[in-house]
Amino acid sequence: MIRTAVQNSGIRDYEAGDAPEIVRLFFETVRSVNRADYSDEQLEAWAAGVPDPEEWHTRMAGRRTLVAEEGGEVVGFAELEYDGRLDMLYVRKDAVGRGVGRRLYEAVEREARDQGLGWIFTEASITARPFFEQQGFRVVREQMVSRRGVSMANFVMERELPG
């Protein structure tokens, strides 16, 4: 296998065997990292339980999914859709603040440029908004979304890719 610069930096392509770690990471991150910004009811609606790894694998395999790995463990992941939508970027709670999210985002941006995209957009949680602003995103609008009948705020954000 040829190792790319992305893979050498601790960021690599998604593999089917990653799904169980990713779904657990998603659940635990939502329930812990987002606790300061969302109510228990909202967190329960957002992540009622650990998602089905097979369902997530089907979705992740059809997108550009990147994984951050440290010591053989998944510590973050990001999904870029082919229209420039950054659907998910999650970092394990014990890896927050250590540059994992920044490295993942930089890899996503390289992918977007390689695909010829001129911008990236996302729907960022209240918790993630400052992170995306640090990466050069701007808020387009705040919106209310519904998950399992529970309303919660997030932000439509975008970043034009220079060059």
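Owing to the predicted nature of the structure, the values given are computational and were not obtained by experimental measurement. What you see below is based on every heavy atom in this structure, not just the backbone, and it leaves out hydrogens, waters and symmetry mates.
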Evaluation steps, salt bridge (Lys or Arg N to Asp or Glu O under 4.0 Å), between E54 and R59: CA-CA 9 Å; E54 289 182 26; R59 191 187 74 235; over 6 Å; no
D87 vs L80, side chain to side chain contact (heavy atoms under 4.5 Å, CB included): CA-CA, chis, key distance, verdict: CA-CA 6 Å; D87 186 31; L80 178 66; over 6 Å; no
Hphob cluster co-occupancy, L117 + L86, side-chain heavy atoms under 4.5 angstrom: no
Listed once per pair and sorted, the salt bridge (charged side-chain N to carboxylate O under 4.0 Å, His left out) pairs that draw on residues 141-152, sequence neighbours left out: none
Donor-acceptor contact below 3.5 Å, side chain Y38 vs main chain E44: no
Results of salt bridge (charged side-chain N to carboxylate O under 4.0 Å, His left out) for E55 - residues two or more places apart only: none
Enclosure of E81 CD (heavy-atom neighbours >12, cutoff 6.0 Å): yes
Sole candidate of W119, F121, Y105 that passes side-chain contact (heavy atoms from CB on, under 4.5 Å) when paired with R159: Y105
Common cluster, I126/M88, ILVMFWY with side-chain heavy-atom separation under 4.5 Å: yes
Salt bridge (Lys or Arg N to Asp or Glu O under 4.0 Å) assessment of R85 paired with D83: CA-CA 6 Å; R85 180 173 187 244; D83 62 356; over 6 Å; no
Minimum heavy-atom distance between A107 and I11, given as atom pair plus value: CB-CG2, 3.7 Å
Cluster overlap V108 with Y82, hydrophobic side-chain contacts below 4.5 Å: no
Verdict with reasoning, R31 to K93, per side chain to side chain contact (heavy atoms under 4.5 Å, CB included): CA-CA 10 Å; R31 291 300 191 92; K93 62 184 176 184; over 6 Å; no
Chi angles and distances behind the side chain to side chain contact (heavy atoms under 4.5 Å, CB included) call for E133, V139: CA-CA 8 Å; E133 288 175 332; V139 173; 3.9 Å; yes
Sub-4.5 Å side-chain heavy-atom contact between R138 and M157: no
Beyond-backbone contact of F26 with W56, side-chain heavy atoms, under 4.5 angstrom: yes
Stepwise side chain to side chain contact (heavy atoms under 4.5 Å, CB included) test for E73 and R92: CA-CA 10 Å; E73 295 183 356; R92 200 170 71 186; 2.9 Å; yes
Distance in Å, T65 OG1 paired with E111 CD, rounded so as to fall on 0.5 Å steps: 10.5 Å
Pair N154-S125, side-chain donor/acceptor within less than 3.5 Å: no
V33 reachable from V100 in the ILVMFWY side-chain graph, under 4.5 Å edges: yes
Sub-4.5 Å side-chain heavy-atom contact between T122 and L89: no
Shortest non-hydrogen separation from Y14 to V67 and the atoms involved: CA-CG2, 3.8 Å
Flag side-chain contact, heavy atom, 4.5 Å: V156 against Q143: yes
Student check: side-chain heavy atoms of V145 and M152 closer than 4.5 Å: yes
Full working for salt bridge (Lys or Arg N to Asp or Glu O under 4.0 Å) between D18 and R12: CA-CA 11 Å; D18 295 326; R12 62 171 176 77; 2.7 Å; yes
Side chain proximity check, P162 to R113, heavy atoms < 4.5 angstrom: yes
F77 and Y90 aromatic ring geometry - parallel, tilted or perpendicular at 30°/60° bounds: parallel
Shortest non-hydrogen contact from H57 toward A19: CB-CB, 4.1 Å
Donor-acceptor contact present, side-chain E109 to main-chain L161, <3.5 Å: no
Donor-acceptor contact below 3.5 Å, side chain R64 vs main chain M60: no
Side chains of E106 and Q135, donor plus acceptor under 3.5 Å: no
Over all atoms of both residues, closest heavy-atom pair of A124 and F132: CB-CD1, 3.7 Å
Contact summary for L25 and G76, nearest pair of heavy atoms: CD1-N, 3.6 Å
Flag side-chain contact, heavy atom, 4.5 Å: L66 against D13: yes
Whether E21 side chain and V74 backbone form a donor-acceptor pair below 3.5 Å: yes
Smallest separation among heavy atoms of T29 and V91, with atom names: OG1-O, 3.1 Å
Beyond-backbone contact of N34 with L43, side-chain heavy atoms, under 4.5 angstrom: yes
E41 CD: over 12 foreign heavy atoms closer than 6.0 Å: no
